[in-house]
Amino acid sequence: MPGRISQLNISLPFGLGGVTVDIGRAEQEAGWKLYPEFSTRISTQTLTPSSGSVRETLTSLHSLFGITREILKEAGPDIGHSPDSLGLVTIRVLNEGLRPFLTRWHTAYGDFELETGLRLAKAYSLQVVPIAHVDQAGWSDHTAFHIELENVRQEMRVFAQQLAIIVGSEPPDCSTNASLR
């Protein structure tokens, strides 16, 4: 790999195992672009059931896919040269870790929003189903969503911490299984 600086052993979240990633200038640059996106969103920040919006949470998490695509395309093939490269590891974290959560909860919450809109349309004899701001506390899966969100958040935090190490900006509360060699 061109411009290799070091190797980093990391444990991936979501039970995806451990890998040794070659770290060069391209990985550091891409890692720096990924790090603030992963570490400042709800993906790593606590959200209590009584705060925030389920819809906004899902939207923020989903946006990581588009942002990551752009960063990886801009970085080019140097960060996707092997299955253990930063680019492909990041894709695995999203596709195998975050995507199942989003698939489940986008569908469940979307159904709840639609049911709420249909009830409003029927109650007010509307011809069109309104886009309604729903009382998410009335969603029967509200507690289950927040429990699973916290589990995903813990896993995503592990990955954000690995990105911090790659860019040489380990956060103070970082507890990881990473080591440089």
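The figures here come from the full heavy-atom set of this structure, side chains too, leaving out hydrogens, waters and symmetry mates.
For Tyr109 and Phe145, the ring centers are positioned 6.0 Å apart or more.
Under the 3.5 Å distance criterion, the side-chain polar atoms of Gln28 are left unmatched by any main-chain donor or acceptor of Gly168. In this structure, Ser63 contributes its side chain and Ser60 its backbone to a donor-acceptor pair below 3.5 Å. Panel note: side chain Glu155, backbone Val93; no donor-acceptor pair is recorded below 3.5 Å. The main-chain N or O of Leu8 is never found under 3.5 Å from a side-chain atom of Thr20 such that the two would form a donor-acceptor pair. Side chain of Thr68 to backbone of Phe65: no donor-acceptor contact under 3.5 angstrom is found. Looking at Ser51, its side chain never comes within 3.5 Å of a backbone N or O of Leu47 through a donor-acceptor pair. A donor-acceptor pair is defined here as one N or O able to donate and one able to accept, closer than 3.5 Å; no such pair exists between the side chain of Arg157 and the backbone of Thr44. Of the possible polar contacts, one joining the Glu27 side chain to the Gly24 backbone as a donor-acceptor pair under 3.5 Å is found.
Partner Asp84 forms a side chain to side chain contact (heavy atoms under 4.5 Å, CB included) with one of Asp22, Val19, Leu12 and no other, that one being Val19.
Nearest heavy-atom pair across Asp141 and Ala108 is OD2-CB, 4.4 Å.
Between the CG atom in Leu86 and the CD atom in Gln162 there is a gap of 11.0 Å [rounded to 0.5 Å].
Using a cutoff of 4.0 Å between basic side-chain nitrogens and carboxylate oxygens, Glu37 and Lys33 are not scored as salt-bridged.
With a 4.5 Å cut-off on side-chain heavy atoms, Val21 and Ile23 count as touching.
Looking at Ser82 and Ser85, their side chains never bring a donor and an acceptor atom within 3.5 Å of each other.
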